[in-house]
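Working notes for the structure below.
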Amino acid sequence: MPTNHQLRLYNSLGRRMEDFTPSGAVTGIYSCGPTVYAFPHLGNMRPYVFADTLRRAFRWRGVEVRHVVNITDVGHAVADSDTGEDKLEVAAARERRSVLDIAEFYTSAFFVDMAALNVMPADEYPRASGYVPEMIEFAAELEAKGFTYQLPSGLYFDTAKDPGYGELAQMNAEGQLEAARLEHVEGRRRKTDFALWRAEDPGQRRVLRWDSPWGWGAPGWHLECSVMSMALLGQHFDIHTGGIDHRELHHVNEIAQSQAYLADGRPWVRYWLHTEFLQLGEQKMAKSAGGAPRLADLTEAGYHPMAYRLFLLGSHYRSQLDFTPAAVEAAQATLRRLVARIQPLRPLPPVETLAAAQAMLAAGDPVAARLLDSIDAAIAADLSTPKILATLQDALRDPDITPGGQRIVVAAADALLGLSLATLESADLEHRRAPSELSDEELHAIEQLVADRTQARKERDWPRADQIRAELDELGVEVTDTPTGPVWQLR
Ligand SMILES: [Zn+2]
């Protein structure tokens, strides 16, 4: 029987691989969540697919987890700065909708993408706007402890009072690494000092505003993560995750204010895990006017969300990854071959943990036992999803594995990969043509048929409507009727 491998994770705090052992019965994980002012793009998905892999790794090992992902619906100024308008308020003005409508709309869009990518829901999704009184209390405590100073533009954290400031970013004492990126704020003592409270400009009334000891305004962006994580996971917890762009500023500031607040001489959070960038490169997918491509652009172009997930898992989370349509195309082809190979093995056994897989495995299948051990070793080695994928391929090729052992190894790999290998159908992975690949004549003909069918349905001429649907079917067009009218897509 395979043995457990010690779980090792790369801790950004100290930049080294470390053994991970849970500090208590439940392992708290906090992941910095989306600022909900626009559709999330493909690069935004990578940290959440990573956090999902982390959760699957803990489930695999039988470790209970409590996972919190925040929703930033207030407080995030444009360009990550400390002053000026919120991203949400700018979006609301642009789209002529209320700030809360905007937040709700893009929060839903985020959840749709998470579900499509088979990311397990977090235990809590706290909204920043729901915790403003707690943030004010937190900032008042920092003020009482002497860590702050007030300017007309708000209440600032005085980074000179924190000798360990910037340790996570490995910046020098003056914060020189980051200083160039930060904007000028009148009266700020050090460039690294950051806003805990952003006071409203006298001439510019904010849409979402709260009264505070420092005047009307809104919390600084960094504050919400300290306050909400402590409220939901306790003052200290085990793991904080986020994109690598947070390592140099946002997380540095979260640590500074949290450790000043707690003042107990202990590190606030033990492990900081960061996902590398997804480079979107020059090759922009069509559609999102000017913006980066979204998951919906991929599905529109004929790719399955699981192909995108496989593309992400094919590289280690700490490697930079270049997004190209060709790479996703290749991932979809790989997934199609995997599913075709796995379909005859179904139903797969319900395996979520190493213990369950080991218990199911009959004695006398040394190949399956060895492969299961490889999977466990791979996930324990800083979540090496590429190695798990390679082991999955080995399991499908090995002539000496038993069919029962093969089923268990495939199910075990997918418990960690989350590619829905037990249920995906080959047909779902056929490349659909995108409407943009059609000629103008073809497009016109299809739209005419769809319009004719709508008219026939309006006239309750069902035989005619059915006949047109059959014609569309022959052209490879699928029509779905929705409350707002028919939508069609190519097969
Ligand atoms: Zn955060």
Side-chain angles (χ1 to χ4, degrees), residues 11-13 28-38 40 43-52 54 66-82 86-88 103 106-107 110 114 122-132 134-135 138-139 142 157 159 165-169 178 181-182 192 194-198 218-262 267-277 317:
N11 194 348
S12 293
L13 200 58
I29 304 176
Y30 184 89
S31 302
C32 287
T35 299
V36 285
Y37 69 105
N44 298 138
M45 304 287 114
R46 195 177 188 196
Y48 306 111
V49 171
F50 161 70
D52 190 56
L54 182 65
R66 182 166 159 77
H67 188 207
V68 175
V69 177
N70 66 303
I71 304 287
T72 300
D73 59 357
V74 69
H76 196 169
V78 282
D80 295 355
S81 65
D82 278 336
D86 266 25
K87 290 184 175 188
L88 264 295
Y106 289 114
T107 302
F110 171 73
M114 290 296 103
D123 296 288
E124 303 270 0
Y125 292 100
R127 267 77 166 171
S129 60
Y131 283 81
V132 177
E134 289 86 346
M135 290 189 234
F138 190 105
L142 290 176
F157 186 91
T159 54
Y165 182 80
E167 187 193 350
L168 178 70
E178 269 307 307
R181 220 180 95 190
L182 300 171
T192 46
F194 57 93
L196 296 164
W197 189 260
R198 295 158 56 211
W221 170 45
H222 312 296
L223 199 50
E224 65 174 271
C225 290
S226 292
V227 168
M228 297 195 292
S229 62
M230 287 190 203
L232 296 167
L233 296 171
Q235 290 190 329
H236 292 277
F237 53 96
D238 282 341
I239 300 180
H240 200 309
T241 79
I244 197 148
D245 47 327
H246 289 336
R247 189 183 68 188
E248 315 303 328
L249 181 71
H250 177 52
H251 289 167
V252 163
N253 291 345
E254 279 190 41
I255 290 173
Q257 66 197 6
S258 297
Q259 293 184 174
Y261 175 88
L262 294 169
W268 171 43
V269 172
R270 297 163 64 216
Y271 292 82
W272 290 82
L273 309 184
H274 291 106
T275 318
E276 257 297 344
F277 282 118
Y317 74 92

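For ligands, and for the atoms within them, numbers begin at 1 and follow the listed sequence.
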Looking at the Zn ion (ligand 1), is there an N, O or S atom belonging to [X] that lies under 2.8 Å away from it?
X: His246; answer: no
X: Glu254; answer: yes
X: Cys225; answer: yes

Tyr30 and Asn70: side-chain donor and acceptor closer than 3.5 Å?
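Yes, side-chain donor-acceptor contact under 3.5 Å.
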Report yes if the distance between the aromatic ring centroids of His250 and Trp272 is under 6.0 Å, otherwise no.
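Not under 6.0 Å, so no.
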Once rounded to 10°, what is the value of the angle centred on the Zn ion (ligand 1) between Cys32 SG and His250 NE2?
120°
Salt bridge present between Arg66 and Glu124 (N-O < 4.0 angstrom):
yes
Once the angle between the rings of Tyr165 and Phe194 is folded into 0 to 90°, is it parallel (under 30°), tilted (30 to 60°) or perpendicular (over 60°)?
parallel
